[in-house]
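Order of listing sets the numbers, starting from 1, for every ligand and every atom in it. Any value given below was found using the heavy atoms of this structure, including those in side chains, with hydrogens, waters and symmetry copies removed. If you're wondering where the values come from, they're calculated on a predicted model, not measured in any experiment.
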Amino acid sequence: MTTSRNRILELFQQQSDRYLSGEEICRDLGISRSAVWKQIRQLRQLGYEIEAVPSKGYALRSTPDALIPAAISTGLETDIVGRDIICLGRTDSTNTQARMLAEQGAVEGTVVIADQQSSGKGRMGRFWISPPAVNLYLSVVLKPVVPLRYATQLTFLTAVAVAEAIEESGDFSPQLKWPNDVLLGGKKVAGLLNELNAETEQIHFLVLGIGVNLNMPAEQFPADLRSPATSLLVERGEPVSRLSFTRTLLRRIDRLYALYMEKGFSPILSAWEKRCHMVGRRVEVDYQDYRLTGRVSGLDEVGALLLELPGGKTERVLAGDVRLLAEEE
Ligand code: BTN
């Protein structure tokens with residue numbers, strides 16, 4: 001959606017080496033001088049540093065690391081993901097908000113982002129720690145026209161997109177852990193929670209929920225976490241721009257989604273397996289009251305973990321927590 005504000009930011013981007021006159025903006029947008037001035041004032045309030053020089057015009061000196069729709073969508077150039085972007089300050093959960101919007105008919109590709117979440121949802125009814133100003137909490141609404149049993153494939157697509165965005169934002173080698181964790185050096189840096197709305201054989205919509213620990217300092221992680229966690233800040237010692245990470249991630253999801261709709265699950269699965277260290281290794285899986293031990297032989301076409309049990313039988317595991325085991329002598 002191109003609003004006046006987005007268009008002004010686009011014009012600044014195109015004219016980065018010179019001043020943009022008020023008249024040019026008026027002409028391009030078809031709005032009055034006072035309307036332009038109002039937009040400039042609002043951009044400044046949002047943290048954009050805009051210099052105004054009489055008889056020359058405006059120059060954009062710096063952009064804030066704020067997650068606001070215009071900054072995310074300007075020049076994003078995605079086809080589906082980010083068609084509508086909603087940025088909230090504090091909310092319960094971006095997944096809950098995205099689900100509500102989808103139920104009210106939000107377009108495919110709608111993105112909901114929050115600065116902080118009061119009830120961030122994790123897998124298996126857990127809580128996702130979501131303090132303000134540091135991390136990314138994002139949900140995307142997709143409406144893939146694929147059989148219902150394939151809905152799980154989108155989780156793997158999301159995990160690959162997050163890994164690619166992390167790789168693009170620094171010298172990182174993220175690893176993927178089944179079913180939906182992204183790790184750095186064995187510690188969790190991102191989690192995914194995809195929620196489905198479907199009926200009989202038809203997917204109405206999917207909400208891809210993504211939480212990435214970007215700039216959370218070590219002391220902000222609770223001491224009693226179930227498994228070790230980290231952030232990009234902790235790993236590389238300097239903050240990453242939430243804005244540019246978000247834009248990269250949306251582009252990656254968009255590109256992989258196009259690939260998936262064109263070529264199916266197999267390129268996504270290969271990209272996922274390339275980053276997964278569990279294939280061929282001995283693991284233990286916990287799910288509610290049962291525990292299984294075996295060797296991972298791969299994933300099937302819906303992303304279930306194929307576990308070779310000690311007796312030789314192969315078990316399909318659809319949910320659970322997996323832990324690597326030491327190899328037996
Ligand atoms: C996990 O347990 O690993 C999944 C965590 C998913 C967290 C994200 S943050 C954005 C979205 N909104 C939520 O309430 N949860 C997901």
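With sequence neighbours left out, the salt bridge (Lys or Arg N to Asp or Glu O under 4.0 Å) criterion links Glu23 to no other residue. With sequence neighbours left out, Phe172 forms a ring-ring contact (aromatic ring centres under 6.0 Å, His included) with no residue at all.
Within 4.0 Å of ligand 1, contacts by protein heavy atoms are made from Ser93, Thr94, Asn95, Gln117, Gly120, Lys121, Gly122, Arg123, Trp128, Tyr137, Leu138, Ser139, Asp181, Lys188, Gly191, Leu192, Leu193, Gly209, Ile210, Gly211.
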Side-chain donor-acceptor distances from residues 144-154 under 3.5 Å, at least two apart:
{"unit_1": "Thr152", "atom_1": "OG1", "unit_2": "Val302", "atom_2": "O", "d": "2.6"}
{"unit_1": "Gln153", "atom_1": "OE1", "unit_2": "Tyr260", "atom_2": "OH", "d": "2.6"}
{"unit_1": "Gln153", "atom_1": "NE2", "unit_2": "Glu301", "atom_2": "O", "d": "2.5"}

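Within the 4.5 Å cutoff, the side chain of Leu136 has heavy atoms near those of the Thr246 side chain.
The pair Arg252-Glu168 meets the salt-bridge criterion, with a side-chain N (NZ, NE, NH1 or NH2) lying under 4.0 Å from an Asp/Glu carboxylate O.
Residue Gln116 holds its CD atom at 5.0 Å from CZ of Arg90, rounded to the nearest 0.5 Å.
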